[in-house]
2 protein chains.
Amino acid sequence: MSVNSIKPRKSSDRSKHELPSEKSDKPANEQIKKKQVGGVVRAIRLLDLLVSEGPLRFAEIEDRSGLPKATLHRMLNDLIDERFVIFDERALSYNAGYRILEMANRVWTRSDIRMLARDQLLALSALTGETVQIAVHADTHVVVIDHVESTQSVRLSISVGNKSPVYCSGTGKVMLAWCDAQRQESIISRISFARYTPNTVTSLPELHKDLALISKRGYALDLEESFIGTNSIAAPIVDHGGQAIAGISITAPTFRVGVDELVQWKESLIAAAAEVSRRLAPRAGGSMDSSIN
Amino acid sequence: MSVNSIKPRKSSDRSKHELPSEKSDKPANEQIKKKQVGGVVRAIRLLDLLVSEGPLRFAEIEDRSGLPKATLHRMLNDLIDERFVIFDERALSYNAGYRILEMANRVWTRSDIRMLARDQLLALSALTGETVQIAVHADTHVVVIDHVESTQSVRLSISVGNKSPVYCSGTGKVMLAWCDAQRQESIISRISFARYTPNTVTSLPELHKDLALISKRGYALDLEESFIGTNSIAAPIVDHGGQAIAGISITAPTFRVGVDELVQWKESLIAAAAEVSRRLAPRAGGSMDSSIN
DNA sequence: AACATTGTTCCATCTTTCGCACTGTTGTGC
DNA sequence: GCACAACAGTGCGAAAGATGGAACAATGTT
């Protein structure tokens, strides 16, 4: 039972922050030697379960998490005490609590990169009249941390916190392109491709070709690769060593904005992203170590 | 060292979810020697520390959390692995990670009470042209979970996730007023009053008097009690037994909307809140307590 | 009343914990 | 440049405490 189990581990394989999470979607050769995790990590996985799958009853949680009853009870009670989990006494169901929103609110309002980028987003939005977003890198995905939507647009208003795979979003591809080879390879090797639209990049050769083009041009295009009817253009925000840590994108519906028009905004977009990069490096010397870019 | 320390506890006082957190903002007479907490809770407190106080270096975290070095390292690494914490290799500082935003996004989009209330918020906003919010109860505070701002203000709104004390917000007072006596007493006893404006309720007699009026009227007024220049009116969303679990409020600047005008919206507001209450109880019998349901 | 499910208690085991001692790195003052 | 201090991070091991299987109690449900 419980394919994606959450069992304890020997506290030995303390790897070097190599992002061992990213629960693989492939329940292939399950030697049951699943990475044993400690109490804290188990609690987080548990929370994730509740956040993802609506309210769950105890038996369901027990089943899906694979945690033993007694432990699960203790953990849930801890999370309830901290308001990370809500217990519905009538339905006897557990659900994610609103303390998460509180924390997110603080993270959001205090995010320095977001604050540094805000005026640039507003300027781009005013210039283009389209939706502008900033997203940060998160392993094999990118997470939107702010967005400005101009005039009454009807689309996904709540994109903050949205996560997309690196290979099918403008910001994601930009993030890959401005990445040292080793790190890029590490990320790419952990991608599991899925086709969202006919245009989605779903193979390594395609992706590598695209990345080469992107880093040559200085910006990335996403032409209906994640959503039909939506194009976007993205540019990187880089750190001291030229590594992308975030990206800014302009998103527009295909019926309103053609590719040519989108590309016309590239200078402004790149300039905005560069400006944010510059602000992020109050202490940067200039170029670093070996290579100069 | 470490006033607000986070040390382990004997796993015995498993109280009945009595919300023992609520770190008071006043580090005053703290002889309440920290209740000993388990690993999971300690990790949450640690996360809270990072979320609240920007990026911190190791020594600072050690100091402020009171956790021993080795333990702290393990915990931080676990949180980093799960992307709840970001480690800045250049500055050697730890900060809250964006995984929190991802989770919050899911919590937000999947919140059923929010979804049930959305159209009512929109209707109220259209009617009044002012900001409308819905907030849920959170011990001695209330947390905003959604809002609609009539004038084109876009963003995920700084207000979602915002926390206010129960005694100085319309929704908060409403939450207290529709509460059984025992629970009300429990909450009130844990309030630590602070004066935000000259109008803030800062004593129990005042509060009780206000609450009596509120439950008689069916709505609560907040007349510049938390912010100068801002009034609001709020009505309760109640569960099966008449307990408030959330509140809807209309907020307006004093210069634009007088109290009389605000009160004129009470019928619409109360009706909207009642409608949401009704939707929340697909299974509710009718009257409350023991008898026939 | 029999049943199903949630929740609690017990306790032998095994992991985590955490003080301490140690290494490596960064920066400060002379 | 040097020594020195401050800090980040790791390894060790005895003690503390979490873990989890199972039996038990307390709920609803049929």
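So that the names make sense, note that chain A is the first sequence line, chain B the second, and so on, each numbered from 1. All heavy atoms count here, side chains included; hydrogens, waters and symmetry mates do not. What you see is a predicted model, and the numbers here were worked out from it, not measured in a lab.
Protein atom CZ of A:Arg90 is 13 Å distant from nucleotide atom P of D:dG28, rounded to whole Å. For the pair A:Glu89 CD and D:dG28 P, the computed distance is 11 Å after rounding to whole Å. For the pair A:Asp88 CG and D:dG28 C1', the interatomic distance rounds to 15 Å; values are reported in whole Å. With rounding to whole Å, B:Asn77 atom CG is found 13 Å from C:dT17 atom P. B:Leu67 has its CG atom 15 Å from the P atom of D:dG17, to the nearest Å.
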Tabulate protein N/O versus nucleotide N/O from nucleotides 4-8 of chain D, keeping only pairs under 3.5 Å, one per line.
| from | atom 1 | to | atom 2 | distance (Å) |
| --- | --- | --- | --- | --- |
| D:dA8 | OP1 | B:Phe58 | N | 3.1 |
| D:dA8 | OP1 | B:Ala59 | N | 3.3 |
| D:dA8 | OP2 | B:Ala59 | N | 3.0 |

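Side chains of B:Leu46 and B:Leu76 form a contact here, defined as non-hydrogen atoms less than 4.5 Å apart. Between A:Met75 and B:Val40 there is a side-chain heavy-atom pair separated by less than 4.5 Å. Using a 4.5 Å heavy-atom cutoff, the side chains of B:Leu280 and B:Leu116 are in contact.
Distance CZ/B:Arg64 to CG/B:Leu50: 10.5 Å, rounded to 0.5 Å.
Between B:Thr71 and the phosphate of C:dT17, there is no side-chain N or O to OP1/OP2 separation shorter than 4.0 Å. Neither OP1 nor OP2 of D:dA18 sits under 4.0 Å from any side-chain N or O of B:Arg42.
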### Task
Show your working on salt bridge (Lys or Arg N to Asp or Glu O under 4.0 Å) between B:Glu275 and B:Arg279 and close with a plain yes or no.
CA-CA 6 Å; B:Glu275 169 62 17; B:Arg279 294 177 184 171; 2.9 Å; yes
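The aromatic rings of A:Phe58 and A:His73 lie parallel to each other, their planes meeting at an angle below 30°, with 60° marking the opposite boundary.
A:Arg74 contributes a side-chain N or O that forms a donor-acceptor pair with the base of D:dG20 under 3.5 Å.
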